[in-house]
Visitor: 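Here it is: the structure, laid out below.
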Amino acid sequence: IAEEDLKQYGSDFLVELSGYNGIWEKAYQLTEIEQFMYLLAVEPQKACRLMDIICEYKVAIAEETVKRGFPIGHYGDDLGTQISTFVSEDMFVKYFLPRIKKVFRVFKDGGIPVQMHSCGKITPFIPHLIDAGLDVLEPVQTCMDIQFLKDEYGKHLTFYGGIDTQQLLTFDTPEHVYEETLRTIDILGKGGGLIIAPSQEVMNNVPVENILAFMKAVKKARGEEQYR
């Protein structure tokens with residue numbers, strides 16, 4: 001199906017092969033999260049063996065992504081909560097980063113950029129991911145300081161998202177949605193490097209008026225005619 005979409009829509013849209021359910025997520029889903037966290041802390045050799053098997057699978061998917069002509073590589077692992085990362089920076093660098101690098105390297109060697117999805121406040125991991133080859137950070141959520149992200153990493157990354165779906169789009173007024181969308185574009189989009197979008201899927205409890213206000217602000221920032 002993905003290849004069919006690429007053929008049909010690839011000339012007009014960026015069509016990706018989903019890389020969701022990464023090494024961290026797949027490992028704790030197979031063992032239950034409490035058990036996997038225990039293994040990381042107490043029996044890391046078992047955790048590493050499991051992650052190595054998953055990494056081999058993710059590398060194979062990355063190779064197929066390149067082989068089948070997709071224009072960008074995608075990897076997804078929800079490594080954070082709204083207030084912090086799931087594991088320490090040291091543990092991330094020791095256990096997760098080397099395996100993520102193997103996946104990224106396939107994309108890079110294939111000549112395509114790398115997009116990574118991770119929910120949560122993963123700010124401490126970002127420099128390491130950039131060094132590993134990350135090009136597009138998806139999504140940008142408001143639990144992270146967007147001005148800090150732009151100032152620190154704007155030269156290295158394209159930011160994807162930025163418009164909060166937990167509070168702003170769901171519960172705020174259209175006027176505030178419009179203002180916040182323009183503010184986000186001004187910050188993250190300064191000099192380029194922004195794919196403006198909701199930070200997560202738009203659920204059916206988001207008012208239509210707020211979606212229209214978001215679209216109106218995007219068109220305003222693009223210099224297009226006012227949304228009707």
Side-chain angles (χ1 to χ4, degrees), residues 2 5-6 9-25 55 58-59 61-80 85 92-93 96-165 181 184-202 214 218 221-222:
D5 288 343
L6 180 63
Y9 304 111
S11 61
D12 298 315
F13 300 98
L14 177 62
V15 178
E16 303 177 351
L17 185 63
S18 172
Y20 288 121
N21 213 235
I23 296 165
W24 152 254
E25 290 179 325
C55 183
K58 301 302 290 187
V59 165
I61 295 297
E63 289 171 346
E64 288 298 319
T65 299
V66 174
K67 178 181 176 181
R68 299 181 187 219
F70 286 89
I72 191 169
H74 185 266
Y75 177 82
D77 239 351
D78 286 340
L79 295 168
T85 57
F92 172 76
V93 170
F96 295 97
L97 185 63
R99 294 170 174 88
I100 292 173
K101 280 183 175 180
K102 290 182 179 180
V103 181
F104 283 13
R105 178 47 50 198
V106 175
F107 297 138
K108 288 296 187 177
D109 287 347
I112 60 175
V114 178
Q115 176 180 330
M116 177 172 172
H117 169 92
S118 179
C119 294
K121 192 173 183 178
I122 63 164
T123 309
F125 298 165
I126 293 176
H128 303 292
L129 292 169
I130 291 172
D131 288 343
L134 182 64
D135 298 294
V136 183
L137 179 64
E138 171 246 330
V140 174
Q141 294 179 284
T142 53
C143 60
M144 293 191 281
D145 183 336
I146 63 172
Q147 186 66 65
F148 174 81
L149 291 181
K150 185 66 175 181
D151 292 343
E152 290 294 314
Y153 309 120
K155 293 181 180 179
H156 307 285
L157 293 176
T158 292
F159 300 106
Y160 184 126
I163 305 304
D164 176 51
T165 55
T181 300
T184 300
I185 292 171
D186 285 343
I187 294 173
L188 290 177
K190 186 176 181 180
L194 172 63
I195 303 169
I196 187 66
S199 59
Q200 290 290 343
E201 294 86 351
V202 176
F214 163 71
V218 172
R222 288 176 175 171

Visitor: Atom CG in Asn21, atom OH in Tyr75: separation rounded to 0.5 Å?
Guide: 9.5 Å
Visitor: Just verifying a value: how many Å separate Thr65 OG1 and Ile112 CD1, rounded to the nearest 0.5 Å?
Guide: 6.5 Å
Visitor: Using 30° and 60° as the class limits, which term best fits the ring planes of Tyr20 and His117: parallel, tilted or perpendicular?
Guide: perpendicular
Visitor: Does the plane of the ring in Tyr9 sit parallel, tilted or perpendicular to the ring in Phe13? Use 30° and 60° as the thresholds.
Guide: perpendicular
Visitor: To the nearest 0.5 angstrom, please state how far the CZ atom of Phe125 sits from the OG1 atom of Thr85.
Guide: 4.0 Å
Visitor: Please walk me through it: do Val114 and Ile72 pass side chain to side chain contact (heavy atoms under 4.5 Å, CB included)?
Guide: CA-CA 6 Å; Val114 178; Ile72 191 169; over 6 Å; no
Visitor: Is it the case that over 12 heavy atoms from other parts of the model lie below 6.0 angstrom from the CZ atom of Phe92?
Guide: yes
Visitor: Considering non-hydrogen atoms only, spot the tightest contact between Ile130 and Tyr153 and give its length.
Guide: CD1-CD2, 3.6 Å
Visitor: Any side-chain heavy-atom pair from Phe70 and Leu6 closer than 4.5 angstrom?
Guide: yes
Visitor: At their closest point, which heavy atom of Ile146 faces which heavy atom of Leu188, and how far apart are they?
Guide: O-CD2, 3.5 Å
Visitor: I need the Glu64 CD to Leu17 CG distance, nearest 0.5 Å.
Guide: 9.0 Å
Visitor: Is the closest basic N to carboxylate O distance between Lys108 and Asp135 below 4.0 Å?
Guide: yes
Visitor: Say whether, by atom type as modelled, one donor and one acceptor occur between the side chain of Thr184 and the main chain of Ile163 under 3.5 angstrom.
Guide: no
Visitor: Calculate, to the nearest 0.5 Å, the distance between atoms CG and OG belonging to Leu137 and Ser118 respectively.
Guide: 8.0 Å
Visitor: If you apply the rule side chain to side chain contact (heavy atoms under 4.5 Å, CB included), what do you find for Ile126 with Leu157, and how did you get there?
Guide: CA-CA 10 Å; Ile126 293 176; Leu157 293 176; 3.8 Å; yes
Visitor: Verify, without hydrogens or angle tests, whether Lys121 (side chain) and Thr142 (backbone) share a donor-acceptor contact under 3.5 angstrom.
Guide: no
Visitor: What are the two closest heavy atoms between Phe104 and Leu129, and how far apart are they?
Guide: CE2-O, 4.2 Å
Visitor: How close do Glu138 and Gln115 get, heavy atom to heavy atom, and via which atoms?
Guide: OE1-NE2, 2.9 Å
Visitor: So which heavy atom on Met116 is nearest to which on Asp77, and how close?
Guide: CE-O, 4.1 Å
Visitor: Could you check whether any side-chain heavy atom of Ile100 comes within less than 4.5 Å of a side-chain heavy atom of Trp24, counting everything from C-beta outward?
Guide: no
Visitor: Got a sec: does the NZ of Lys150 have more than 12 other heavy atoms crowding it under 6.0 Å?
Guide: yes
Visitor: If you measure from CG on Leu149 to CD on Gln141, what distance do you get to the nearest 0.5 Å?
Guide: 11.0 Å
Visitor: So do Phe214 and Pro198 actually touch side chain to side chain, heavy atoms under 4.5 Å?
Guide: yes
Visitor: Test side chain to side chain contact (heavy atoms under 4.5 Å, CB included) on Glu201 and Thr165; report intermediate values, then the result.
Guide: CA-CA 8 Å; Glu201 294 86 351; Thr165 55; over 6 Å; no
Visitor: Please give me the minimum heavy-atom distance between Val93 and Pro98, naming the atom from each residue.
Guide: O-CD, 3.2 Å
